[in-house]
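So the structure is just underneath, and the comments pick up after that.
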Amino acid sequence: MTLHRFAFLLLLPIAAFFHTAPLSAAPSVEHVSDSLYNELAHATSPQDSVGILCNLYDLLQRRLPAGLADMVVETARRANDPRTALEIIRYQANLNIRNDSALVALGELARTFPSGDERKETTAFISMVRNMHMARYADEETRKDRLDELLENVTLDPPHDLYEHIVQLHGVCMMLSHDTSGELLDSYMDSLGILVRKLPISANAIRNTYYVHAATIYSANNPRKSINADREVLGEIKRLREFYRAKGRVYRSYDANLYIIYSRLLSNFSILDELSVRGYYDKAMRYARTDSAAARTYGAFPSPDIYLAMYRKDYAKALPLIKGCIDSKVAAPRRMQLLKYMIECAEGLGDKETLAEASRQYIGLLEEKMRNSTHSAFRELQTACAIYEMRNYYGELQMAQKESQASLQKHIIIVSSVVLVILVVLVVVLFRLYRRNKRMAVDLISTNERLMSESENLKRSRAESIRARDLAQKANNLKSDFIKNMSYEVKTPLQAINEYAHLIADCASGEGKKHLEQYANLLDLNSELLSTIVNDVLKLSEIESSPMSIQAQVVNARALCEATLKSVARRVHPGVTLKMDDSRGRVDLFTDPLRVQQILNNLLTNAAKFTSSGSIELSYALVEDETKVQFSVTDTGIGINPDNREKIFERFVKLDRDTQGAGLGLTISRLIAGQLGGTLTLDTAYTGGARFVLVIPKS
């Protein structure tokens, strides 16, 4: 195979993927591109932009603006459309077949996308383009080393991954196609075709590449396989056209590729019928008229006209066409075939001068082909020998492996014999253990019967415990209901006593009224005390029976403290100062103000109860990186022994039995603090009286 023909072979797969828009007059393309750029400027999302950019790419691919491909890839990535992005990467690989470093960069870019068949196809396709690059541009020694490496891989240790196997086998075919076109190459092409047909239906890039290669390689000595491969390409193009038109890719055209395919099909006219020849010719000429690239190719090498004239043996028409294009670069891969046609035409027309000149050139090419064929045959023989040596080496390895397996089996037999003896001993031991276990099983049955009896007793005890628990729960519920009923029943008489006492005092006059008001106030105070005790018992019952309702809102700490101080001012002994430390400034928190006020009210009431002189101070401050608010109630009263710092929070605990109250205020306050997500503690470091500290979250 000549270098020119090999170059033509490698360029055809690239053309199979160079799907370009039909290029009409330049102003028309510019007008459409300007319209698309204007539409792109008004796109509001990556999803809207991807379709517009793809249409621009299809329209301008023959004169692609710098950066447009990168823009399409990145926009498709942002639109979560990896299929379009990877498609553009494959097209860029076609454009950069001469630049291996660019192909490496494109492969790395493809691997940044999510894994899947689309990414596998793209990375494999780029590797196949690199195979074509090496086959076309690398020196002979490099190609030989690469071929030896690939042959060793596919012969001795073929990859398990389908895509990697295809890449390696494609590399073998590309390296072989540079030096030979014999049965060895056809054999590997057939093997590659079997693998390609196992690919998913979406892997059209790899399939198209294979079938275009196959059509070109088989055209030299197996025209029927060449025709079948071209028909496969036509089917792939039809599927792609339908797919992209459904996606709105209206500027995507395959006319230049179809011209090449139908021209190549027409070159096999010797085994075609009249209907096929005429159909292929008409289609090739239609694309030559509608596509500028096809028109340029047709102008330099009118192959459809030549093939049709030769099929019809219209030598008078064929000979001038052949003479006009035989020296063009486009026709260089077909030069020997054209010389053969020229000889046939000259003989048919009796043109001895042309016959002599064509025969001379044809003989020269034949001599060159014979030299190349000798080299190709030698290279193919070398390759076949290398394959034979590899397989022979592989056979020797397998033989050595079998000998190793035989030796291993011998050792296994010896070890198995030893193990058998050990097993016999174990059987004897196990038999004795079995007899012993049988005796133990009898004992176990009797033990199990005793356990069953004890289990029944435990079940009865558990049932009795459950009944007792239910009775206790019922009693507790009755207790709670009783407390609630009693609290409501007590409140009404107390309120009536207070109102009637003040009514009696209001009805009196003079000195007697003063004494009656004192008695009424005394009744009022004791009624309030009794009401407080009843309320504490009721609150404790409510907290224990069900979760508290927390109504959180934004609260100003200072306003909360001022309201609480006003509510307890009348409980303070004469001469005791009730004050608030508001030096901290404004502090806002998000909590239930009624629950916080309830806690502070209990603390201030206790402080007023046990402080006969001095002062009672309420303060607030931000603590723990300003995430919590601390309230402090400090008095100069009798104080609390540090040993009782936890005992005072127990229910019904009174350190001084002569004081009023039921001993529930601190218990209820701590429970409420816990519901608010905070804590209530006694500051034992303070010795000037008592100090209680409430800490709750700021929000």
Tell me, do [X] and [Y] make a side-chain contact under 4.5 Å, heavy atoms counted?
{"X": "Tyr163", "Y": "Leu199", "value": "yes"}
{"X": "Leu258", "Y": "Leu234", "value": "yes"}
{"X": "Ile261", "Y": "Tyr211", "value": "no"}
{"X": "Val233", "Y": "Asn257", "value": "no"}
{"X": "Arg98", "Y": "Arg136", "value": "yes"}
{"X": "Leu192", "Y": "His213", "value": "no"}

At what distance, to the nearest 0.5 angstrom, does [atom1] of [X] lie from [atom2] of [Y]?
{"X": "Ile550", "Y": "Leu676", "atom1": "CD1", "atom2": "CG", "answer": "4.5 Å"}
{"X": "Ile126", "Y": "Leu106", "atom1": "CD1", "atom2": "CG", "answer": "5.5 Å"}
{"X": "Arg143", "Y": "Leu147", "atom1": "CZ", "atom2": "CG", "answer": "10.0 Å"}
{"X": "Ile227", "Y": "Tyr218", "atom1": "CD1", "atom2": "OH", "answer": "14.0 Å"}
{"X": "Leu150", "Y": "Cys173", "atom1": "CG", "atom2": "SG", "answer": "10.0 Å"}
{"X": "Asn268", "Y": "Ser276", "atom1": "CG", "atom2": "OG", "answer": "11.0 Å"}

What do the steps show when you test Ile166 against Tyr210 for side-chain contact (heavy atoms from CB on, under 4.5 Å), and what is the final call?
-> CA-CA 10 Å; Ile166 287 173; Tyr210 166 74; over 6 Å; no

If you look at every heavy atom in [X] and [Y], which pair is closest and at what distance?
{"X": "Thr209", "Y": "Phe125", "answer": "OG1-CE1, 3.2 Å"}
{"X": "Pro223", "Y": "Ile271", "answer": "CB-CD1, 3.7 Å"}
{"X": "Met175", "Y": "Ala135", "answer": "CE-N, 4.0 Å"}
{"X": "Asp81", "Y": "Thr84", "answer": "OD2-OG1, 2.7 Å"}
{"X": "Leu272", "Y": "Leu265", "answer": "CD1-O, 3.4 Å"}
{"X": "Pro46", "Y": "Arg78", "answer": "CG-NH1, 3.4 Å"}

Please list all pairs passing the salt bridge (charged side-chain N to carboxylate O under 4.0 Å, His left out) test where one or both residues lie in [range], with sequence neighbours left out.
{"range": "residues 417-439", "answer": "none"}
{"range": "residues 233-242", "answer": "Arg207-Glu236, Glu236-Arg239"}
{"range": "residues 411-428", "answer": "none"}
{"range": "residues 217-229", "answer": "Asp190-Lys225"}

Ion pair present between Glu232 and Arg197, side-chain N to carboxylate O less than 4.0 angstrom?
->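 Here Glu232 does not pair with Arg197 in a salt bridge, since their nearest N and O are not under 4.0 Å apart.
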
Taking only Lys NZ, Arg NE, NH1 and NH2, and the carboxylate oxygens of Asp or Glu, determine whether Arg146 and Glu149 approach each other closer than 4.0 Å.
->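 Here Arg146 pairs with Glu149 in a salt bridge, since their nearest N and O are under 4.0 Å apart.
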
Please check this pair: side chain of [X] against backbone of [Y], looking for a donor-acceptor N/O pair closer than 3.5 Å.
{"X": "Thr216", "Y": "Val212", "value": "yes"}
{"X": "Ser417", "Y": "Ile413", "value": "yes"}
{"X": "Asp139", "Y": "Thr142", "value": "yes"}
{"X": "Asp625", "Y": "Thr627", "value": "no"}

What pairs with Glu624 under side-chain hydrogen bond (donor to acceptor under 3.5 Å, both in side chains), at least two apart in sequence or on another chain?
->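 Glu624 satisfies side-chain hydrogen bond (donor to acceptor under 3.5 Å, both in side chains) with no residue once adjacent residues are dropped.
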
For residues [X] and [Y], is any side-chain donor paired with an opposing acceptor at under 3.5 Å?
{"X": "Tyr244", "Y": "Glu87", "answer": "yes"}
{"X": "Ser127", "Y": "Arg130", "answer": "no"}
{"X": "Asn131", "Y": "His170", "answer": "yes"}

Any chance CG of Asn437 has more than 12 other-residue heavy atoms, nucleotides or ligands included, within less than 6.0 Å?
->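 Yes, enclosed.
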
Derivation of the side-chain contact (heavy atoms from CB on, under 4.5 Å) call for Val50 and Cys54 | CA-CA 6 Å; Val50 168; Cys54 287; 4.1 Å; yes

Quick one: side chains of residues 107-124, donor-acceptor pairs under 3.5 Å with protein atoms, not counting sequence neighbours, listed by atom name and distance.
| from | atom 1 | to | atom 2 | distance (Å) |
| --- | --- | --- | --- | --- |
| Thr112 | OG1 | Arg77 | NH2 | 3.1 |
| Thr112 | OG1 | Leu109 | O | 2.5 |
| Glu118 | OE2 | Arg90 | NH1 | 3.4 |
| Arg119 | NH1 | Arg111 | O | 3.0 |
| Arg119 | NH1 | Phe113 | O | 2.9 |
| Glu121 | OE2 | Asn204 | N | 3.4 |
| Glu121 | OE2 | Ala205 | N | 3.0 |
| Thr122 | OG1 | Arg90 | NH1 | 2.9 |
| Thr122 | OG1 | Glu118 | O | 2.9 |
| Thr123 | OG1 | Arg119 | O | 3.1 |
| Thr123 | OG1 | Lys120 | O | 3.0 |

